[in-house]
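Numbers restart at 1 for each chain; the letters A, B, ... are given by sequence-line order, proteins then strands. Quick caveat: nothing in here was measured; it's all calculated off a predicted structure.
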Amino acid sequence: MFAAGLKCPGCGSSNIVDDDLYCQAQLVCVDCGSVVSEGTLADDPVGGTDVSYSRTTAVTKKPCLNLIKGLERVKEMCRILRLNSEIEDLALTYFRQAYQQESFINVTLQRKEVLAGCCVYVSCRQRDWPITLGTISSLLDADPTLVGGVYQEMIKILNIQAPFVSITDVIEAHVQEYKISAQHVTKELAEDSKVLTKRAVALVELAGDSWIVTGRRPLPIMMAATYLAWQSLNPNRHRLKLSLDKFCHLANVQKRKPAVMRITELKEVLCKLGRELPWVRETVTQDNVVRLVGDILDHRHTLLTRALRTHETAMQADCPQASALNSPTEEVTPSQRSESRDQTADASSALQLCPTDRTENQEGDDSHQTEDPEPNWGVRVLFAPPCVVHAKRRRVEPPHVQNITGDEEISDSEIDSYIRTPQEARAFALMQKAVSSSGSGNS
Amino acid sequence: MALNKVLTELQKAKKRKKKYTKNQFCDYSLEEAKLGARRLARCLQKLGFKVRFSAFRVVNVLAVCSMPFAVHLVDFTKNNRPIASYEPELHPAATYRIKNLKATVQVFSTGSLTVTGPNVQSVASAVEHIYPLLYECQKPRCK
């Protein structure tokens, strides 16, 4: 922070900064290093002035110190993240605009610091610089929920939009955090960052195609992709035995719990594709699929088409009525996309047709319905969001009692069940006293 | 439990003229919601509070429905900017706000929708409005 209007007695420069030494205030000249002044003046009130800055006439005379501190914090964050000057200028502009708004002017210092981080984040996204909110939260050492709330409020107030950051852009920066190059670990566990990134990107793209990415937080997916990429690049005994926990410890990154589930989901998808590899004779399971990951990723578009076709054949064997409807679908002219994607689209639409036929058939025999009234469409398609595949069973509510008027007599035992905790009973007693005393006061 | 919420509010504001009850019942129609509120008022009367049931008004309607297909949220957001917003790090659903209906639709990747609006008609209209937009984005990379 610059202290305006002062001159260094040693060299005469006005480049003087506030360089506090522990709790002692000091003004130091940047050019020659001499201490201009130190210690607080005896006349200054302890703990700051009684009247806050915003209520004094100083508002028009000198800029708000917190605004200056905030701008410095923005510059500091840009320097740490090594952002270019364009992003820095944009972030500073946004901070100045947002700071003047009601929602951010009289708030805690922590919130103002988080605002600075959010301005940096939005500027990065607008200039296509891959960054996640998690990075900003760890930089600010703040709760991600708070950062998220401030970010949403800020974009609403400033009326700006931030383009979507693709997970494949962010993963390169993510992989570089992992300390598993040759200089950090032993040779059999080491991996080159570029090779690892390339494999991880391919895995993330596959995850995106098979509904694992949509709706999920990006960080656990990136961690799962990095782990599987590292294992598959050299699937020796040491790497395959190492769990995610130990891998994160080795690479000096913090483990994310959802990453374990993402690894399972990714392995399921890889198994589905691995079964289509013509040169694989053994059964592909979650344990042995890691060795095949390289081949699967190299030929994943072809394998996807084959897997969908195999699934479609299996479905047609189950519901023969759909076969008559499927033929017009295949005659639909393909769009300008690649051939494999067209086949994927046609196969998927064929799959969508089959479930509707199934539901029509099942509506016919209502009397034979089991506890699950609606069949789960996710179980029938090859790739679906995991929440749909493993859907929670909805509790069926018992049929409601008819003819409720609202004026029925309520038994004492029922009333007792409403007052459950001792705290509520105490609060109720206090409340009754207050109500009766206010009632007697009014009458 | 709705009753606990009302009791807590009464403790905080001693002379509260209005009482807000949040009926958290599943699969209720508007008539059943009113009956439930009357039943609650009757309970409070029996408990000894001076309660009168009048001017019942539905302030917000929450509806849930689900599509028989998954929705690719990134494509959906890109096609419908700036009305749609999606931050995967903050919330798993894309939020679509329809200004003229004053309704908000939250779209999940599984195809489930959560619609909130001031009345049942606006909620129904919101679902009708959003269905074709979702249908376009049901497969990955549908651009």
Tell me, out of Gly48(B), Pro82(B), Ala41(B), Pro88(B), who's got the most heavy-atom pairs with chain A below 4.5 Å.
Pro88(B)
With only heavy atoms counted, which part of Val107(B) is less than 4.5 Å from chain A, the side chain, the backbone, both or neither?
neither
Just how far is it from atom OG of Ser85(B) to atom CD of Gln161(A), taken to the nearest 0.5 Å?
10.0 Å
Decide yes or no for Gln432(A) and Phe49(B): does some side-chain heavy atom of the first lie under 4.5 Å from some side-chain heavy atom of the second?
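Side chain of Gln432(A) against side chain of Phe49(B), heavy atoms only: no contact under 4.5 Å found.
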Counting only heavy atoms closer than 4.5 Å, note whether Thr77(B) contacts chain A via side chain, backbone, both or neither.
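For Thr77(B), there is no contact with chain A at all, as no heavy atom is under 4.5 Å.
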Does any non-hydrogen side-chain atom of Glu89(B) lie less than 4.5 Å from one of Pro218(A)?
yes
Using 30° and 60° as the class limits, which term best fits the ring planes of Tyr86(B) and Phe164(A): parallel, tilted or perpendicular?
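It falls in the parallel class, under 30°.
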Are there residues of residues 90-98 of chain B that reach to under 4.5 Å of chain A by heavy atoms, and which ones?
Leu90(B), Pro92(B)
Verify the neighbour count for atom CZ of Arg125(A): are there more than 12 heavy atoms of other residues, nucleotides or ligands below 6.0 Å?
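Yes, because the 6.0 Å sphere around CZ of Arg125(A) holds more than 12 heavy atoms from other groups.
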Under 4.5 Å from a heavy atom of chain B, the part of Thr132(A) involved:
both
Quick one: what part of Gln45(B) sits under 4.5 Å from any heavy atom of chain A, side chain, backbone, both or neither?
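Looking at Gln45(B), nothing touches chain A.
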If you round to the nearest 0.5 Å, how far is OG1 of Thr110(B) from CH2 of Trp211(A)?
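Output value for this atom pair is 10.0 Å.
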Side chain, backbone, both or neither: which part of Phe383(A) has an atom under 4.5 Å from a heavy atom of chain B?
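Neither part; nothing is under 4.5 Å.
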